[in-house]
Amino acid sequence: MKRPFPPGLLVAAPASSAGKTVATLGLIRALRGVGLEVRAAKTGPDFIDTAFLAAASDAPAANLDAWMCAPGRKRRPRRLPAGLGRLRGRLLAEDGARRPDLWVVEGAMGLYDGGPDGSGGAAELAALLDLPVLLLLNVRGMGQSVAALAEGFLRHTPRAGRPRFLGLICTQSGGAGHEKLLREALAPVLRKEKLPLLGFLPRADAPVIPSRHLGLVEAAEALACLDLDSLGRWFAAHCDVAALLRALGLAMPCKAAAPEAIPAAAPAFFPRRAGRSGRAFRPRIGIARDAAFSFCYADLPALLAELGAEPVFFSPLVDTAPPEGCAGLYFPGGYPELHAEALAANAPMLAALRALAACGLPIYGECGGYIYLMRELELEGRHKLAGLLPLACRMDGRLAALGYREARPLPGWLPEAREKEKPPILVRGHEFHYARLSSPDLPPGSEPLWRVTDAAGNVRPPEGCRVGRVAGSWLHLFPEGSRRFWKAWLELTREAAHPDTSPSALGPRPELPCP
């Protein structure tokens, strides 16, 4: 008999910039400080916040998104997508460690924000996973009006159903007089809703996490100047952690534990368990992983292992070549523009990649990985990159694309996609990038990858570029929304490794020497 999942909560606010990340990190670290084992997650496609959450909880953190988990399906309120259930299972699995006492999910944007009708938003996720919401209200510059704001959010009923609420915390509060005014204004609303006011997080001396154009500065960089244990003590000094635990049906531990030291590198990925691929050959997949390529979902290596692959990691910044024996290479997103000079200067790696591409090795890049596979990046000068795709791009500080995407691969690329009798492969993911191609038209000899629509079903231009088995696009694919794609792409690596038994229809390859 399966044990029930531990209790959890979702931290949300009316809008961005309410202090959700700081409050969530502080809450997790305060809970860890009293000896509780915590797992953490983030709603939506946010790679950076999950790295902070992993560091705070000392365990891999998940991205949870109901819309991206279910390609080809319309919204079904209150029905849990299978992919989302698998993600929750990975997050809360014991994997040889102590079973978590509770789990904390940080919401993205505003509580009721999302795609069409709020799909994929925090409120929908709270309803699907039956998580009570800890509502944060940014009260800077606000007095009695806070009551109207609180009442509106507590009483609003979206299409997915009204979420349950755990309590309320005010952020960016002023001094004692401001807190007294807010407490008196909120008392009738919270009494009516039977909810506790759990605390005030003051704006004076509040911790700040630095940001850059794609969001927060990455965890590995920011944690050097951010003391998570101090953040936990700051949260506990201003919020009633014991009352929060009581609202979840948990007791405060009798004796507080000393906070554990933050590991040098918090676990980034879920444990990998080899699945049954139905074949003796388990393709070895090299995944780029370093400061330039860190936007890889925590569950992707686990998914690849379930599909019969062997994921391994390498660094395009410092290694001279990918690991030996790779049947395919994957370059995730990240900040390659911040490391363009170092990437361009690593001539042995670039030469190795060009030789592997000439041999027909399947190589796939997303967003930042897509940029790396191109010929050139223009940003405060011109940086020569791998040149596996005959493209150039530029960054000029303007947002190029943002939003959910559903896509299907165009013909001629993937083995499964070439079999007309099978249902078409559909994937879901998102775009968020500032780079744009220098020319909107693909050069001769290259083909687009995806036929794309947005979350509302509006058709967008074909996306991506392919030359032989080298492919890339701006799309970040959500692993549990693209299982069939990864299964087909792994089949492509098997075809490449055994060309005599799996003839390909990919056309001529570049005339370059193989290693």
Side-chain angles (χ1 to χ4, degrees), residues 1-12 20 23-43 49-50 52-66 69 78 80-107 122-135 163-167 169 195-196 198 228 232 235-236 239-257 259-260 266-271 273 298-299 302 480:
M1 179 179 178
K2 288 186 177 181
R3 286 184 286 180
F5 291 112
L9 64 97
L10 186 143
V11 180
K20 292 190 300 292
T24 304
L25 295 176
L27 169 61
I28 292 170
R29 213 58 198 172
L31 295 170
R32 296 281 285 143
V34 297
L36 295 174
E37 192 74 18
V38 185
R39 296 291 181 270
K42 171 79 177 186
T43 67
D49 279 352
T50 48
F52 281 93
L53 295 170
S57 61
D58 297 338
N63 289 90
L64 303 176
D65 191 290
C69 273
R78 300 286 182 176
L80 184 70
L84 187 58
R86 286 191 291 267
L87 262 175
R88 178 179 60 181
R90 286 195 193 102
L91 177 67
L92 302 179
E94 295 187 23
D95 62 47
R98 178 180 165 186
R99 184 174 186 269
D101 298 297
L102 74 163
W103 54 306
V104 177
V105 181
E106 180 191 347
E124 182 185 46
L125 189 80
L128 288 169
L129 297 176
D130 194 27
L131 290 173
V133 174
L134 175 61
L135 184 64
R164 294 187 296 122
F165 287 88
L166 186 74
I169 291 175
L195 291 174
L198 294 168
L228 286 178
F235 183 92
C239 294
D240 192 339
V241 176
L244 185 150
L245 289 173
R246 286 196 299 272
L248 287 171
L250 296 172
M252 191 79 164
C254 295
K255 184 178 180 181
E260 297 179 16
F269 301 107
F270 292 114
R273 300 178 181 86
D299 56 311
E480 282 296 344

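The figures here come from the full heavy-atom set of this structure, side chains too, leaving out hydrogens, waters and symmetry mates.
For the pair Leu25 and Leu53, the minimum side-chain heavy-atom distance is below 4.5 Å. Contact of the Pro7 side chain with the Leu250 side chain is registered, since non-hydrogen atoms from C-beta on lie closer than 4.5 Å. Contact check for Arg32 versus Leu228: no side-chain heavy atoms found under the 4.5 Å cut-off. Contact of the Leu135 side chain with the Leu195 side chain is not registered, since no non-hydrogen atoms from C-beta on lie closer than 4.5 Å. No side-chain heavy atom of Leu91 sits less than 4.5 Å from a side-chain heavy atom of Pro100. Inter-residue side-chain proximity for Phe52 and Thr24 is flagged as unmet; no heavy-atom pair is nearer than 4.5 Å. Put simply, the side chain of Pro132 reaches to within 4.5 Å of the side chain of Leu248, judged on heavy atoms. Residues Leu129 and Leu10 have side chains not in contact (no heavy-atom distance under 4.5 Å, counting atoms from C-beta outward).
Taking CD of Glu480 as the start and CG of Asn63 as the end, the distance is 12.0 Å to the nearest 0.5 Å. How far NZ of Lys42 is from CG of Asp65: 11.5 Å, rounded to the nearest 0.5 Å. The structure places CD1 of Ile28 at 12.0 Å from CG of Leu36, a figure rounded to the nearest 0.5 Å. The distance from the CZ atom of Arg246 to the CG atom of Asp240 is 6.0 Å, given to the nearest 0.5 Å. Rounded to the nearest 0.5 angstrom, Met252 CE and Leu31 CG are separated by 8.0 Å. Note: Leu64 CG to Trp103 CH2 = 6.5 Å, rounded to the nearest 0.5 Å.
Residues Leu198 and Ala243 share a closest heavy-atom pair of CD2-CB, 3.7 Å. In terms of heavy-atom proximity, Arg90 sits nearest to Ala302 at NE-CB, 4.0 Å. Between Ala247 and Leu166, the shortest heavy-atom contact is CB-CD1, 3.4 Å. The two residues Ile169 and Cys239 have their closest heavy-atom pair at CD1-SG, 3.7 Å. Residues Ala298 and Ala61 share a closest heavy-atom pair of CB-O, 3.4 Å. Taking each heavy atom of Pro81 and Cys69 in turn, the nearest pair found is CB-CB, 4.2 Å.
For Arg164, the side chain to side chain donor-acceptor pair (under 3.5 Å) test picks out Asp130, with sequence neighbours left out.
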CA sep, side-chain torsions, deciding dist, call: Asp58, Arg29, salt bridge (Lys or Arg N to Asp or Glu O under 4.0 Å): CA-CA 10 Å; Asp58 297 338; Arg29 213 58 198 172; 3.6 Å; yes

Using side-chain contact (heavy atoms from CB on, under 4.5 Å), reason through Leu80 and Arg88 one step at a time and then give a plain yes or no. CA-CA 11 Å; Leu80 184 70; Arg88 178 179 60 181; 3.6 Å; yes

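The side chain to side chain contact (heavy atoms under 4.5 Å, CB included) test with Leu134 is passed by exactly one of Val104, Leu9, Val105: Leu9.
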